[in-house]
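Below is one structure, written out as structure tokens; comments come after it.
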Amino acid sequence: MSNTPHDLATATTARDLRAVVRDWRMEGLSVGVVPTMGALHEGHLTLIRSALATCDRVVVTLFVNPTQFGPGEDYAAYPRDQERDTALIADEGAHLLFAPSVAEMYGEPVESDVALTEVHVPGLDSVLEGAFRPGHFIGVATVVAKLLNLVQADHAFFGEKDYQQLQVITRMAYDLNIPTEIHGVETVREADGLAMSSRNVYLKSSERAVASQLYATLQQLADDFRAGGQGSDAGRLELKARERLAQAGFTSVDYITIVDATTLAPVNVYDPQRPARVLVAAKLGRARLIDNISIQPTDPA
Ligand code: PAF
């Protein structure tokens, strides 16, 4: 690991990115990558710090990936500020920013009716977020497979805030024999528990106070589930959690559910030997918030 002060280099083409990484490899340096869509916050900076603690050289990618947004979603409105993001990435001490255009990532269509190659992770990509945002994880898995192939990193870092995404990517990398180790990094929260997210900017100040109830409700559900032990009834507790969110002022709850931490299959009865996770997605005004915590007795959330 190098602690020498250095400038942040920027690449916008696959060719330039590969040339830099090839030179690092020739020097025998290890490489980490932090894929992002920009609008960076403390959660992203924590990923960069984890990468710098593990790898000699760190690439941060900045690409708002159109294929993971559905029709009517916020692709056009997604917050973008490359100048601010670049300064933050440089301050953290990352080595290379890869900020490609859409054409650089996806090329020109060969014929208008020819589909792009897509990566599916059946089972994991169609439940929960996948059911409410059809095609979302196909876009995520496809772009992450492309980014991992482009960077050829030893390690890649993703936030646990997007827990289902982390499972989809881990499984995708395993199934496709991508030789990059996938790391999940703990969610970074505001003082009141709200998970940091680029989309929190959509919250009005009156909604911001309500938003902290998401984490509080997850914690209550996890506590009740553990306390119930073998006699716990996930369905009843999930219903109670939904009611709590509605009473707090959430506009709607897409899901709040306890699942197996790896397969994301529903879990009905508490088993301290079986890692489980509680996942939530709920709307509050214009914002759709997602969050999750671990249910294991000893794990931090
Ligand atoms: O989590 C994100 O910011 C995106 O889904 C990712 C992993 C960078 C892929 O576009």
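Throughout, numbering of the chain's residues begins at 1 and tracks the sequence. For ligands, and for the atoms within them, numbers begin at 1 and follow the listed sequence.
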Under-4.0 Å salt bridge between D154 and R25
yes

Between F98 and R15, is there a cation-pi geometry (under 6.0 Å to ring centre, at most 45° from the normal)?
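Output no; distance or angle outside limits.
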
Flag side-chain contact, heavy atom, 4.5 Å: Y202 against E207
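A side-chain contact is absent here, since even the closest heavy-atom pair is not under 4.5 Å.
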
Polar side-chain atom of D81 near backbone of R84 as donor-acceptor pair, under 3.5 Å:
yes

Counting only N and O atoms by type, is there a donor-acceptor contact under 3.5 Å from the side chain of E104 to the main-chain atoms of S101?
no

May I ask you to check whether over 12 heavy atoms, not counting those of Q230, lie within 6.0 Å of atom CD?
no

Can you produce the list of protein nitrogen or oxygen atoms under 3.5 Å from a nitrogen or oxygen of ligand 1, alongside each distance?
unit_1: ligand 1; atom_1: 1 (O); unit_2: Q165; atom_2: NE2; d: 2.8
unit_1: ligand 1; atom_1: 5 (O); unit_2: Q68; atom_2: NE2; d: 2.9
unit_1: ligand 1; atom_1: 5 (O); unit_2: Q165; atom_2: OE1; d: 2.7
unit_1: ligand 1; atom_1: 10 (O); unit_2: Q68; atom_2: OE1; d: 2.6

